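Since the structure comes first, as structure tokens, the remarks are kept for the end.
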Amino acid sequence: MTDDVLSKVPTDLFIGGTWRAASEGGRFDVTDPATGEVIAQVADGSAEDGLAAVTAAAEAGPAWATTPPRQRAEILRKAWQLMTDRADEIATLISLENGKALVDAKGEATYAAEFFRWYAEETVRMDGMVTTAPSGANRILVVHQPVGVCVLVTPWNFPAAMATRKMGPALGAGCTLVLKPASDTPLTALLMAQILDDAGVPPGVINVVPARRSGEVVAAMVNDDRVRKLSFTGSTEVGRTLLKLAADSIVNTSMELGGNAPFLVFADADIDAAIEGAMIAKMRNGGEACTAANRFYVEESVAEEFARKLSDKMGAMKVGPGTADGTQVGPLVNEAAVRKCDELVTGALAAGARALIGGKVPERTGWYYDPTVLVDVPADAEILKEEIFGPVAPIVTFTSEDEAVRFANDTEFGLVAYLYTGDLARGLRVSEALESGMVGLNRGLVSDPAAPFGGVKQSGIGREGGHEGLLDYTESKYIAVTW
Ligand code: NAD
């Protein structure tokens, strides 16, 4: 299947409804993290290509904004259907360029498609508001209008879902767009463009420009007055740079940035359920998720049992190439990702932590890191401060609810937090005290197209998913009326 999938995937830029080579003629390699082999060469967009895409999006804007919502919705629904029909092919492609196990890639393909179905449903429910001014002198009318041309920048860890989570609501709201996918995983984004084209999205409404010189290409587009929104998913570091860039032209921004999710386990929790949740929160995508549990805080009396059971489960996982039968943990995305995991684990071990399983880079071809569980991790270890983005679970013990909440909130990030407890009052009390945009209460998975996804503190600005995700691509217009 892999050769078949690769032979069909487009590798050029998609601008104005046509596939074209990059203006400077360049191409860049896409590699399979399981082997290091080049699997495709993709057109390397330039600033000029980015601006050509903005022109196409700007020209297509007025007609798309006034296309009846039902018609936009039907196209999104069709895109969901096509993605669902082609889920195996999409999953294989994700696995090939990103490395994740096919089982995770299939989950992503389904999740990604759901954004199209959800926003097909939301597109026809864009309610405005009418009310009487407190003075009684006039009516207050509020309508939601598409924000305009959007530049969407996405990461490599969910190459399909992070793109559809932006494109679905943008298209539903009546915006046109240019997508700049991550250079490690441009193929999935190009396949998404083909699917949207097949679903009937008119030329110019979506444009995809892979580019190795991301900074240059994105800056050229965001500095163009015709662009009215920048939606970014990626690291906090790059998000900070892009917020500064957006300040110059006062572009509307949405930022889905890094996380450092705490996973709290209280002694009154169902420990087996907590292990099950931990396996999802930690090991989905091999730990390469912004929502990945990054730090485990476990009440002292159950810490040994939790660590032992987690080690048993993580240690039994089958590691191998993402597309191979039975693989549960694929390689990390690239060499730098392996190096980062290794440095964080080595640092923790030097600071006094013990590895119950793993703790090293395995000797095999490809960018692998062994599933690792660390105990006796000092509360100030570097590994608790940074996104690990790999299959590593550091465990710290706590002795009181206050201490658990203090540990959890001791970070500049605030995307998601997880907690397990058998006491619902405690669960809700702690959920409210946690400084995060999302909480998994007795659950290891929060992502849902129907729910507002996003972070507080340095994890981001804005929400994707749910009805809020649609409003994020609109401006509210207030009309004061006397009648
Ligand atoms: P990254 O910030 O390195 O790159 C993200 C995107 O930005 C890529 O397309 C990249 O090419 C582009 N980019 C890089 N430098 C740029 C620049 N100077 N100007 C414009 N664009 C630039 O992130 P990554 O390594 O691809 O992804 C991992 C990060 O994404 C992690 O921090 C993870 O937590 C975060 N993430 C967040 C969410 C969320 O919803 N909050 C979801 C997934 C991933």
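All figures in this text were calculated on a predicted structure; none of them were measured in a lab.
- Applying the side-chain hydrogen bond (donor to acceptor under 3.5 Å, both in side chains) test to residues at least two apart or on different chains, the pairs with a partner in residues 45-67 are Ser23-Ser46, Ser23-Asp49, Ser46-Asp49, Thr55-Arg226.
- Looking only at distances, a side-chain donor or acceptor of Lys282 sits under 3.5 Å from a matching main-chain atom of Ala293.
- At distances below 3.5 Å, at least one donor-acceptor pair connects side-chain atoms of Thr164 with backbone N or O atoms of Ala112.
- Partner of Thr123 under the side-chain contact (heavy atoms from CB on, under 4.5 Å) criterion, out of Gln71, Arg70, Arg72: Arg72 alone.
- In terms of modelled atom types and a separation under 3.5 Å, the side chain of Thr18 and the main chain of Phe14 share no donor-acceptor contact.
- The salt bridge (Lys or Arg N to Asp or Glu O under 4.0 Å) test applied to Arg212 returns Asp44, not counting sequence neighbours.
- Residues meeting the side chain to side chain contact (heavy atoms under 4.5 Å, CB included) test with Ala133, sequence neighbours left out: Ser135, Asn138, Ile140.
- Salt-bridge formation is detected for the pair Lys100/Glu108: a Lys NZ or Arg NE/NH1/NH2 atom is positioned less than 4.0 Å from an Asp or Glu carboxylate oxygen.
- The local environment of CD in Gln41 is crowded, with over 12 non-hydrogen atoms from other residues, nucleotides or ligands closer than 6.0 Å.
- Side-chain atoms of Arg27 come within 3.5 Å of backbone N or O of Thr11 as a donor-acceptor pair.
- Under the 30°/60° scheme for interplanar angles, the aromatic rings of Trp156 and Phe389 are found to stand perpendicular.
- In plain terms, the two heavy atoms of Thr327 and Ala101 that are nearest each other are O-CB, 3.5 Å.
- Counting only distance, with no hydrogens or angles, the side chain of Glu387 and the backbone of Asn260 share no donor-acceptor pair below 3.5 Å.
- Put simply, the side chain of Thr31 never gets that close to the backbone of Pro33: no donor and acceptor are under 3.5 Å apart.
- Not a single donor-acceptor pair under 3.5 Å links the side chain of Thr372 to the backbone N or O of Gly358.
- Taking all atoms of both residues into account, the shortest heavy-atom contact from Val209 to Ala53 is CG2-CB, 3.8 Å.
- Judged by distance alone, the side chains of Ser254 and Lys229 do bring a donor and an acceptor atom under 3.5 Å apart.
- A salt bridge is absent between Glu412 and Lys457; no separation between the charged side-chain nitrogens and carboxylate oxygens falls under 4.0 Å.
- Checked by atom type and distance alone, the side chain of Thr474 pairs as donor or acceptor with a backbone atom of Leu471 at under 3.5 Å.
- Here the closest non-hydrogen pair linking Ala170 and Leu177 is CB-CD2, 4.0 Å.
- A salt bridge links Asp370 with Lys360: the distance from a Lys NZ or Arg NE/NH1/NH2 to an Asp or Glu carboxylate oxygen falls below 4.0 Å.
- Between Glu475 and Arg228 no salt bridge is recorded (no basic side-chain N to carboxylate O distance below 4.0 Å).
- The side-chain contact (heavy atoms from CB on, under 4.5 Å) test with Leu187 is passed by exactly one of Val42, Leu96, Asn98: Val42.
- Under a cut-off of 6.0 angstrom, the local environment of CD in Glu276 is sparse, with at most 12 non-hydrogen atoms contributed by other residues, nucleotides or ligands.
- Ser249 places no side-chain N or O within 3.5 Å of a backbone atom of Asn223 that could act as its donor or acceptor partner.
- Residues forming a side-chain hydrogen bond (donor to acceptor under 3.5 Å, both in side chains) with Arg213 (at least two apart in sequence, or on another chain): Glu24.
- Partners of Pro449 by side chain to side chain contact (heavy atoms under 4.5 Å, CB included), not counting sequence neighbours, listed by chain and number: Tyr111, Glu114, Phe115, Trp118.
- Annotation: salt bridge (charged side-chain N to carboxylate O under 4.0 Å, His left out) contacts involving residues 187-210, sequence neighbours excluded, comprise Arg86-Asp198.
- Residues Trp80 and Met83 are not in side-chain contact: their nearest non-hydrogen atoms beyond the backbone lie 4.5 Å or more apart.
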